[in-house]
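Below is one structure; the comments refer to it alone.
The basis for the numbers below is simple: all heavy atoms, side chains too, and nothing from hydrogens, waters or symmetry mates. The structure displayed is predicted, hence computed values, not measured ones.
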Amino acid sequence: MGIFLEALTGLGLLYELDAYAGEDEDEYGDLEVAQAASVLGTGAVVGSGSGQQSEDEEGGEAVREARSVREAVFSSWLGALTSLDRVHQALVLFPWLVQWASERVELKTRRCEELRCQAAQLVDAQALVVAAGVSVMERPAFVSGDPALAALGSAGAVESALGRLWERWRGAVERGWEHPREYGYMCHYLADAIGRRRKGRDELVGRGGRLLEQWGGAGEVVASGARGERVLVTRVLPEGWSQRRERGSFFDRLSEWEQGVLAAFAVSAGWEAGQLVVRLQAPEVVAVRLLSGRRGAGLSYDEDDGAAARMVKPRSGEGVVPGVFDDTPVSGRRLVTAQHLRALRSTVRDAEQLYLVAGLDKGVEVVSLSVLEKRCAAGWRGIIVAAASDLPEELFAGREAAPEEKEGPVWAARVHDPDQEGFGSGLSVAEGEQVVVRLCEGRLDAGQALRSLTLARCVVDLRELTSGSYDERGDARYPFVSVVWHGLLAMEQLDLEPFEGPDGDWPGSGLPLGVLAAVQVYTTDAAGRYQGRAHSPACAHRRPLYRLEEDDELVPLAQMLGNKEFDPCSKCGGYAVRRLTGEQVAYYRAAHRLHALAQTVRYAAEGRGVRGGVGELVEALTEFSELDRSVLKAWFVSGAEVRQWQRVVRGLRESLVRAGTPAG
């Protein structure tokens with residue numbers, strides 16, 4: 001229902017049905033269009049009756065006004081075509097509305113054709129054909145030794161300057177809808193090569209003008225030599241409604257030449273399964289250029305299998321029906337299809353988010369919409385269970401920042417003493433959640449960020465959250481705001497000394513990694529294979545900040561500890577770890593407490609004075625040697641690790657005994 005209402009209301013279907021449904025008082029009428037076409041086609045002057053302007057000035061003003069009319073009419077026609085396209089896309093998604101909307105769709109269709117006919121009057125079809133002829137011309141041979149070109153310098157300079165003029169002129173002719181003779185002013189660009197020197201400038205400009213005339217004449221010859229016509233068809237892929245409202249119609253991004261071709265040579269425009277289909281009956285040289293897919297053709301064209309113009313009606317289909325995106329019981333859900341996902345992306349503003357899905361191949365998992373689209377295209381079969389936005393508000397009740405925290409720092413101060421309760425808490429999942437809330441305060445929707453964080457925690461490899469999908473502008477799509485990464489990754493570096501071997505000036509204690517062994521480490525280079533140092537997602541040396549990339553590396557902490565070639569950045573430490581669970585933080589703190597105690601025991605064994613006396617050392621060692629079975633099971637993954645822990649504790653007690661210190 002939410003998808004349907006968003007597609008129907010606001011700037012959705014109801015708005016589009018009313019747009020371009022009839023003549024608008026701000027649009028130009030047929031008489032004004034015919035008058036503008038007369039000026040653009042013959043150069044006749046439409047006088048103001050004042051008699052104050054010269055013929056050239058008065059004629060120039062008339063041409064400028066006529067061109068303004070042309071731009072406005074084309075804008076209205078392409079806007080109407082885009083609006084009608086959006087209507088048909090909605091009717092494919094919700095086919096039960098076709099009959100209800102049919103009368104208003106017919107009004108829009110007629111108005112769209114009226115505007116196309118107006119636009120066709122304002123372009124010179126022959127000029128479009130000649131421009132197509134110019135596009136297939138080879139670069140002409142430039143004759144050196146012409147006295148009029150002597151001001152350009154050497155033969156090489158002459159050829160270079162003429163080559164630049166040719167490319168500039170041909171590019172303008174190819175993109176525009178004017179006849180090549182209208183670009184004669186470009187001969188002045190040839191004089192730019194001699195700077196401010198005046199000698200020979202007039203001769204140079206005159207020679208350039210004659211060259212442009214020759215090139216234009218050659219284009220006319222090419223165009224006239226290609227006889228016959230072809231019927232072509234182009235299909236315009238639908239774009240998301242919200243994106244197109246913000247960035248304009250796709251047709252606005254076509255060149256003037258291609259817009260003119262669509263207006264002058266189109267014989268029908270219809271819709272098939274949400275896809276705009278335009279058929280053209282174009283001269284041979286125009287068809288060749290369009291079929292080549294190069295030099296100014298923004299759409300993809302194919303030869304039509306039949307010359308008859310026909311209007312394709314919207315095809316009825318399943319559309320968006322109950323059981324795909326709603327709260328239908330899971331047992332009654334429908335398999336999601338690529339059509340459903342297109343509907344979701346084109347109608348819902350925050351469609352690019354995380355989704356809990358269930359499929360036959362991987363079971364229940366969390367993926368982004370971009371990943372889900374790729375899977376559906378590859379034949380994936382499954383259902384959508386819920387989106388991040390579907391998680392209930394009650395789940396996050398009380399998670400907002402406390403009043404005293406709103407004015408405090410975002411990042412909690414790091415605790416260095418393992419005997420304090422807060423040691424290692426900056427690495428925890430709970431602290432990551434609070435960081436997200438504090439970063440959202442006053443700027444972002446903390447509730448949606450927490451929903452995204454909750455689902456993202458279920459993803460096995462966090463690199464999958466960087467979808468590698470891009471929108472029509474080339475910007476990468478991400479399923480949540482960047483602050484969520486702070487809830488997933490801890491940028492604080494781990495102190496791994498307790499788990500290193502007992503060697504060196506500051507020996508480790510040789511403790512097992514236990515539940516920390518599988519902690520995920522993300523870095524740009526875990527083994528020092530590439531030039532330069534390794535960086536974390538938070539490093540200022542890489543862009544974008546606080547975000548994983550698909551080519552980042554993931555290694556478990558156990559492997560990271562053994563990578564002797566790891567060369568970290570001095571600014572960021574070279575890596576970030578996936579935030580630790582409660583059990584992992586508890587073991588991390590316990591290992592550091594035992595490591596600190598081991599240092600004290602060594603001092604006592606060496607005869608140094610220790611604060612608290614031997615009794616406290618014995619009591620502390622007893623705490624670590626008599627761990628509860630449930631704690632051992634939570635901290636260690638194997639019996640060998642339990643025995644390794646116990647050996648370290650037993651060795652500390654024995655070192656006290658060997659030193660002659662009673663150990664109780």
Is the shortest side-chain heavy-atom distance between Val385 and Val364 below 4.5 Å? no
Would you kindly say whether Ser370 and Glu352 are connected by a side-chain donor-acceptor distance under 3.5 Å? yes
Do Leu594 and Trp645 have side-chain heavy atoms sitting under 4.5 Å apart? yes
Please report the C-alpha distance between Val87 and Leu13 in whole Å, then the side-chain angles of each, then the deciding distance to 0.1 Å, and finally whether the side-chain contact (heavy atoms from CB on, under 4.5 Å) criterion is met. CA-CA 6 Å; Val87 168; Leu13 179 59; 4.0 Å; yes
With the side chain counted from C-beta on, respond yes when Leu462 and Trp485 share a heavy-atom pair under 4.5 Å apart, and no when they do not. yes
Supply the atom-to-atom distance Phe480 CZ to Arg547 CZ, rounded to the nearest 0.5 angstrom. 8.5 Å
Nearest-0.5 Å distance that lies between atom CZ in Arg414 and atom CG in Leu427: 7.0 Å
Do Leu652 and Phe624 come within less than 4.5 Å of each other through their side chains, counting heavy atoms only? no
Tell me, with the steps shown, if Thr622 and Arg653 meet side-chain contact (heavy atoms from CB on, under 4.5 Å). CA-CA 9 Å; Thr622 301; Arg653 294 175 65 90; 3.7 Å; yes
Once rounded to the nearest 0.5 Å, what's the spacing between atom CG of Asp419 and atom CZ of Arg589? 7.0 Å
Phe423 meets the ring-ring contact (aromatic ring centres under 6.0 Å, His included) criterion, sequence neighbours left out, with Tyr588, His592
Quick one: are Phe396 and Glu433 in side-chain contact, heavy atoms under 4.5 Å? no
Return the set of residues passing salt bridge (Lys or Arg N to Asp or Glu O under 4.0 Å) with Glu623 (not counting sequence neighbours), or none when no residue passes. Arg593
If you compare all heavy atoms of Ala456 against all heavy atoms of Leu465, which two are closest, and at what distance to 0.1 Å? CB-CD1, 3.9 Å
Nearest heavy-atom approach of Pro537 to Met491 is CB-CE, 4.3 Å
Nearest heavy atoms of Ser368 and Pro479, plus distance in Å: CB-CB, 3.8 Å
Applying ring-ring contact (aromatic ring centres under 6.0 Å, His included), can you list everything that pairs with Tyr355, at least two apart in sequence or on another chain? none
If the condition is salt bridge (Lys or Arg N to Asp or Glu O under 4.0 Å), which residues does Glu641 pass it with, not counting sequence neighbours? none
Regarding Thr466 and Glu549, do their side chains bring together a donor and an acceptor under 3.5 Å, going by distance alone? no
Just do the side-chain contact (heavy atoms from CB on, under 4.5 Å) check on Tyr575 and Leu494 with the steps written out, would you? CA-CA 10 Å; Tyr575 67 89; Leu494 293 173; 3.8 Å; yes
Give me the ring orientation class for Tyr587 and Phe499: parallel if the planes are under 30° apart, tilted from 30 to 60°, perpendicular past 60°. tilted
Under 3.5 Å: donor-acceptor pair, side chain of Asn563, backbone of Glu565: no
Side-chain touch Leu496/Leu557, heavy atoms, less than 4.5 angstrom: yes
Distance in Å, Glu583 CD paired with Lys633 NZ, rounded so as to fall on 0.5 Å steps: 12.0 Å
Under a 4.5 Å cut-off applied to non-hydrogen side-chain atoms, are Gln584 and Val577 in contact? no
With a 4.5 Å cut-off on side-chain heavy atoms, are Ile384 and Leu372 touching? yes
Should we count CZ of Arg629 as having more than 12 external heavy atoms under 6.0 Å? no
Check for a donor-acceptor pair, side chain of Ser428 on one end and backbone N or O of Glu431 on the other, with a separation under 3.5 Å. yes
Determine the minimum heavy-atom distance between Asp552 and Arg463, stating which atoms define it. O-NH1, 2.8 Å
Is the backbone N or O of His486 less than 3.5 Å from a side-chain atom of Arg579, with the two atoms forming a donor-acceptor pair by type? yes
Which ring-ring contact (aromatic ring centres under 6.0 Å, His included) pairs, counting each pair once, include a residue from residues 356-392, with sequence neighbours left out? none
Can you list the steps and then say if Gln448 with Ser389 is a side-chain contact (heavy atoms from CB on, under 4.5 Å)? CA-CA 6 Å; Gln448 183 59 27; Ser389 57; 3.7 Å; yes
Between atom CG of Leu444 and atom CG of Leu439, what is the distance when rounded to the nearest 0.5 Å? 8.5 Å
Value rounded to 0.5 Å, distance of CG in Leu548 from CD in Glu464: 11.5 Å
Closest non-hydrogen atom pair between Ser83 and Glu16, with its separation: OG-OE1, 2.7 Å
Run the salt bridge (Lys or Arg N to Asp or Glu O under 4.0 Å) check on Arg451 and Glu393 step by step: do they pass? CA-CA 9 Å; Arg451 290 178 174 86; Glu393 186 70 28; 2.7 Å; yes
Taking every heavy atom of Leu511 against every heavy atom of Gln644, the minimum-distance pair comes out as C-NE2, 3.7 Å
For His535, give me all partners under ring-ring contact (aromatic ring centres under 6.0 Å, His included), at least two apart in sequence or on another chain. His541
